[in-house]
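First the structure, in the form of structure tokens, and then the observations on it.
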Amino acid sequence: MILWFYVQYRVSGPILTVLAICQRLWQERAIMTGRVIKKHKGYMKMEERYNPGQIESKWQRYWEESNAFLVEEEAGRKKYYLLEMFPYPSGNIHIGHVRNYTIGDVLARYKKMQGFNVLHPMGWDAFGMPAENAAIANNTHPAAWTYANIDNMRSQLKQLGLSYDWGREIATCRPEYYRWEQWLFIKMLEKGMAYRKESYVNWCEDCLTVLANEQVEAGMCWRCGKPVIQKKLWQWFFRITDYAEDLLVHCDQLPGWPEKVTSMQKNWIGKSVGAEIRFRVADSEDVISVFTTRQDTVFGATFMCLAPEHPLVPRLAEGTAQEASVTAFVEKMSQQDRSGKAVDQYEKEGVFTGAFCINPMNGRRMPIYTANFALMEYGTGAVMSVPAHDQRDFDFAKKYDLDIIVVIQPEGETLTSDMLEEAYTGEGVLVNSGPFDGTGNRKALDDIALHMEKEGIGKKTVSYRLRDWGISRQRYWGAPIPVIHCPACGIVPVPESDLPIVLPEEAGLLEGGRSPLPELDAFKQTTCPVCGSKNARRETDTMDTFVESSWYFERYCSPRCDTGMFDPSAVEYWMPVDQYIGGVEHAILHLLYSRYFTRVLKELGLVSFKEPFSRLLTQGMVTKESVSCPTHGYLFPSESEKSDDGHRCLKCGREVTVGRVEKMSKSKKNVVDPNELLEQYGADTTRLFSLFAAPPERDLEWSETGVEGGFRFLNRIWRLAYGWMDRIGTAAPFDGEPDSLSGDIRDLNRKVHQTIHKVTTDIEERYHFNTAISAVMELVNAMYGIDPKAGAPETAGVCRFAMESVVLLLSPFVPHFCEELWETLGKPEGIHNMAWPTYREEALEKDELLIVVQVNGKLRSRFSVATDADDEQIKQMALADERAKPFIGDKPIKKVILVKRKLVNIVV
RNA sequence: GCGAGAGUGGCGGAAUUGGUAGACGCACUGGACUUAGGAUCCAGCUCUGGCGACAGAGUGGGAGUUCAAAUCUCCCCUCUCGCACCA
């Protein structure tokens, strides 16, 4: 009621509001006494004013009570699985969620009206760090915080009127869900798809905890500010690299995916074709294996670089004069962020290990360095450096005064090392390359690889940039990894019958974000399932949350299945997802992991397909300026204030810096809460506005300017309907030949058909909801000039056709509003079950063509012509055009270009 | 740094296949209705010059292809996303 009052006040001002209150009280009395809701001339009595609050709760209740969106498999009926990326339950939905889920809802409702059996589920990606952080900050349990957030966000989503099958809701933090993930892990372990190896984590010595990359700020711990070091731990991995080639090849077989996504995935997998070459370490049994794509330059290799983490580094330096400096360098590197993006930004540096290796092609002694740009994760962790033909190696050689030998010369030129200002990376002919001198370098790639293969020095090989997926997390709020470490039997999988390994909820979090699991004896101490040893201990690492989101779309098909991950027949019916929608920021990791997981499921015989998502729509980010205060860090919009005095923090009064425009995120505090919009204008206006503001794939810098326009548009339709109701009377919607109409009413009929055409293709082919909405706006503008009772006898019928079409076309966008109007039009309730309107091809035809006249490509005139005019006639009319003539003058006409039914360009 | 994308009036955007740049909406201006208006209806609204008819310029900047370029090609600038432990 308060909301209603507020809207009234906004719309009508004070005096009419008082009148409206009286009217409303009268109506409510009438409703209570049952006198209002009855048929009136074939349609329902209509409220004069659009009242979103009342309408929206009415229809949301109706959808819920009539189970409007619950679905099940129906053999023989065409299905459509529409999925939006499920949210992390961070607390409140933000405007980015509204955008994502509204886009999905439009498509789901549209497909339903097209006759599909539409699966449209929703759930929660509920494990993750923010719950732990919130638990520490508020002294609660991550589970309590997460479930409270889920309840809150579910009711917010329901307020938006989204057509979800809520009977299929899942939360990944529930044992019923992660039980099957643990089951799958064990299967993968049995198949060798999961394995353990040592790798590095960010470690804070002070908090004694592992840090996520996000928790490292400029090399320091975000909690205590102490330096972060790299610590080696035994961790679990999935062998995604086994599928590198398959994932890569199928990027080109995903026609429903945006090319930018497949292209990013291809680059991420990063296939390189080259050779592996073995370099013997001088005076030692050791061999260094390198991967290179430039084996044609092997004669120019003058030194070797090993990653600081390379196992040979300490051994090579041992006992040499360089040992101390090598140890110091390795130590220094272990303090640094070694991620790809960081390494690329450091200045290249390295130290000599004191050892040499032998170039197998020419016997050259090459000094072995350890260098910061060599990555243990890529290739073999060793780089054969050819300074003459690689810029990075060139810079390094100049810095440390190392030899440079030219081995490729541009055709017909002589190039020597002292001529080089920078590396020569172009094509050419081999020199200084023994038997290969004079060979083109392209051909030499093959020749040298073959030669090495014959001599046992190396071989052709392929390398990928993609690395195996590390899934171990030393965290509490995640799915426990179901293995047992037994001192006698080693790694033992938890028997299937013991699943799920439930995360012990009684555990509180330890200070500093450290996982309590390793210190919780009740969890950790267990019996070995193989030998019965009492000294066995449970794995205390939990799984990366990306694991949960890599198969949830399959779980939705049979979310309550308790005999397996899913019911195979349900998955065969619903999968693959026909349309997946989510933020472009997931273009690589989540989507690649999901593709990988589906391949694993196929390999295990659980599904019959390997690509989970047929079509993908990557929605652009909703961005906003972030605001940060020198003392308080990032601020919520409500925590700072702009005045003449400047933009200040409300907590401390200091001047804030208005940051970059960034993706909305809770950590940046630049989120926009849709609640105010919902309260002020209702769900339909909020939905309409988020769709109208920009096409889905485009980034959207948030601004509320324009939201009034959407609300006005709905009011405008409401008023039109209210004014037309009596005047249309009981006329049936016009469905006759367009030729039986003339004048305004003929134009309106054409406009309706054109609008149906435009809205349908915009939704179906382009997802351009903004232009679909503006097409309906144009139609409504055209309807405003028409009186259904005046003119030809067909007028009322055309008007009813127009009005019903507007309501049907808008129903996926503003469903509550359209349900209400549909009922008012005297239609059976449930517009979501109606068929999508269709247009007639012959009704789209215009009566006249507009021809544009250009002279030398510049617009000079235009004229109308009958649709059946032939090209020659149009040409003559253009040449005779009075407004074009002065620009032709007496200059000779060189050429006349005619674009059929559109344009004439006269070239003089 | 590497990979991917984007840039059009005061603002959000439109122009679907190289063929009328600025649809639709916001903001703004003027008018009508009105006791009143932050409601509604009608009209105007890229910039420069001109009373006007009209003319010239114009899609981040620069070059090019073409009868014709927001759209294609090359170079440059700016912004956004991802970079493997945020989700």
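What's counted below: heavy atoms across the whole structure, side chains too, no hydrogens, waters or symmetry copies. In what follows, every chain begins at residue 1, and chains take the letters A, B, ... in the order their sequences are listed.
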Could you check whether A:F887 gets within reach of a base, just the sugar-phosphate, or nothing at all, counting any heavy atom under 4.0 Å?
sugar-phosphate

Taking only side-chain N and O atoms of A:N770, does any of them lie within less than 4.0 angstrom of OP1 or OP2 on B:A14?
yes

Rounded to whole angstrom, note down the P distance from B:G58 over to B:A70.
10 Å

Using a heavy-atom cut-off of 4.0 Å across all strands, would you classify A:P87 as base, sugar-phosphate, or nothing?
nothing

Please classify the nucleic acid contact of A:R716 as base, sugar-phosphate, or nothing, using heavy-atom distances under 4.0 Å.
sugar-phosphate

For the pair made of CD1 in A:I888 and C1' in B:C67, what is the distance, rounded to whole Å?
14 Å

Atom-pair distance (CZ on A:F373; P on B:C2), nearest Å:
16 Å

Of A:D684, A:V776, A:I763, which is the lone residue that meets side-chain contact (heavy atoms from CB on, under 4.5 Å) with A:F813?
A:I763

Distance below 4.0 Å between A:R473 side-chain N/O and B:A87 OP1 or OP2:
no

Tell me if the centroids of the rings in A:Y177 and A:W551 come within less than 6.0 Å of each other.
yes

Base of B:U20, side chain of A:K858 - is there a donor-acceptor contact under 3.5 Å?
no

Would you indicate, yes or no, if B:A39 has its OP1 or OP2 atom less than 4.0 angstrom from a side-chain nitrogen or oxygen of A:R49?
no

Which part of the nucleic acid does A:K266 contact within heavy-atom distance under 4.0 Å: base, sugar-phosphate only, or nothing?
nothing

Of A:G706 and A:L700, the one whose closest RNA chain B nucleotide lies more 5':
A:L700

Can you check the distance between B:U35 and B:C47, where both ends of the measurement are the C1' atom (answer in whole Å)?
43 Å

Under the 3.5 Å rule, do the base of B:C85 and the side chain of A:Q235 count as making a donor-acceptor pair?
yes

Rounding to an integer number of angstrom, what distance separates B:G12 and B:C86 when you compare their P atoms?
32 Å

What residue among A:Q754, A:K758, A:H757 forms side-chain hydrogen bond (donor to acceptor under 3.5 Å, both in side chains) with A:Y839?
A:H757

Is a donor-acceptor pair below 3.5 Å formed from side chain A:Q474 to base B:C85, judging by atom type as modelled?
yes

With a 4.0 Å limit, can you tell me whether A:T705 has a side-chain N or O closer than that to the phosphate oxygens OP1/OP2 of B:G12?
no

Between the protein and nucleotides 78-81 of chain B, which nitrogen or oxygen pairs come in under 3.5 angstrom?
{"residue": "B:U80", "atom": "OP1", "partner": "A:V661", "partner atom": "O", "Å": "3.2"}
{"residue": "B:U80", "atom": "O2'", "partner": "A:D699", "partner atom": "OD2", "Å": "3.1"}
{"residue": "B:C81", "atom": "OP1", "partner": "A:K663", "partner atom": "N", "Å": "3.0"}

Rounded to whole angstrom, note down the C1' distance from B:U59 over to B:G22.
9 Å

Check: A:Y378/A:S272 side-chain N/O donor and acceptor closer than 3.5 Å:
yes

Gap between atom CZ of A:F713 and atom CG of A:L810 - 0.5 Å precision
5.0 Å

Describe the nucleic acid contact of A:F713 in one word from base, sugar-phosphate, nothing, applying a heavy-atom distance below 4.0 Å.
nothing

To the nearest 0.5 Å, tell me how far A:D762 CG sits from A:F769 CZ.
9.0 Å

How far, in whole Å, is B:G49 from B:G37 if one measures between their P atoms?
35 Å

Distance check, P atoms only: B:G52 and B:U65, in whole angstrom units.
39 Å

Just name whichever nucleotide pairs with B:C81, Watson-Crick or G-U, keeping both distances under 3.5 Å, else none.
B:G3

Mind checking A:A587 for me? I need base, sugar-phosphate or nothing, with any heavy atom below 4.0 Å counting as a touch.
nothing

Rounded to the nearest 0.5 Å, what separation is found between the OH atom of A:Y552 and the CD atom of A:E548?
12.5 Å

Select base, sugar-phosphate, or nothing to describe what A:Q854 touches, counting heavy atoms under 4.0 Å on all strands.
base

At less than 3.5 Å, do the side-chain atoms of A:N213 and the base atoms of B:C85 form a donor-acceptor pair?
no

Which part of the nucleic acid, if any, lies within reach of A:Y88 when heavy atoms closer than 4.0 Å are counted: base, sugar-phosphate only, or nothing?
sugar-phosphate

Classify A:S549 by what it touches in the nucleic acid, base, sugar-phosphate, or nothing, heavy-atom distance under 4.0 Å.
nothing

Counting just side-chain N and O atoms, does A:N267 come under 4.0 Å of either OP1 or OP2 of B:C2?
no

Are A:R860 and B:G56 close enough that a side-chain N or O sits under 4.0 Å from OP1 or OP2?
yes

Taking B:C24 as the reference, what is the distance to B:A14 when you measure between their P atoms (whole Å, please)?
14 Å

Could you state the CG-P distance from A:L211 to B:C85, rounded to the nearest angstrom?
14 Å

Test ring pair (Phe, Tyr, Trp, His ring centres under 6.0 Å) on A:F689 and A:W702 and set out the steps.
CA-CA 11 Å; A:F689 175 59; A:W702 182 251; 5.7 Å; yes

Check whether any side-chain nitrogen or oxygen of A:K895 sits under 4.0 Å from OP1 or OP2 of B:C67, and answer yes or no.
yes

A:L466 near the nucleic acid: base, sugar-phosphate alone, or nothing, with a heavy-atom cut-off under 4.0 Å?
base

Would you indicate, yes or no, if B:A15 has its OP1 or OP2 atom less than 4.0 angstrom from a side-chain nitrogen or oxygen of A:R766?
yes

B:A55 pairs with, by Watson-Crick or G-U criteria that keep both distances under 3.5 Å
B:U48

What are the two closest non-hydrogen atoms of A:A884 and A:R860, and how far apart are they?
CA-CB, 4.3 Å

Under a 3.5 Å limit for both distances, which nucleotide forms a Watson-Crick or G-U wobble pair with B:C74, could you say?
B:G62

C1'-based separation of B:G9 from B:G44 [nearest Å]
15 Å

Quick check: on RNA chain B, is the nucleotide nearest A:A775 upstream (toward 5') of the one nearest A:W268, or the reverse? Name the residue that is more 5'.
A:A775

Between A:N781 and B:G25, is there a contact of a side-chain N or O with OP1 or OP2 at under 4.0 Å?
yes

Where does the angle between the aromatic ring planes of A:Y593 and A:W469 fall among parallel (under 30°), tilted (30 to 60°) and perpendicular (over 60°)?
parallel

Would you tell me if any nitrogen or oxygen in the side chain of A:R719 comes within less than 4.0 Å of OP1 or OP2 on B:A39?
no

Please determine which of A:P89, A:S90, A:P130 meets the side-chain contact (heavy atoms from CB on, under 4.5 Å) test together with A:T146.
A:P89

Are A:R698 and B:G5 close enough that a side-chain N or O sits under 4.0 Å from OP1 or OP2?
no

Does B:G82 count as syn, meaning its glycosidic angle lies within 90° of 0, or as anti?
anti

Nearest heavy atoms of A:V622 and A:G96, plus distance in Å
CG2-CA, 3.8 Å

Taking any strand in view, what nucleotide pairs with B:G38 in a Watson-Crick or G-U wobble way, both distances under 3.5 Å?
none

Identify whether any heavy atom of A:V201 sits under 4.0 Å from a base atom; if not, whether one sits that close to sugar-phosphate; answer base, sugar-phosphate or nothing.
base

Mind checking if A:L850 touches a base, just sugar-phosphate, or nothing, with heavy atoms under 4.0 Å?
base

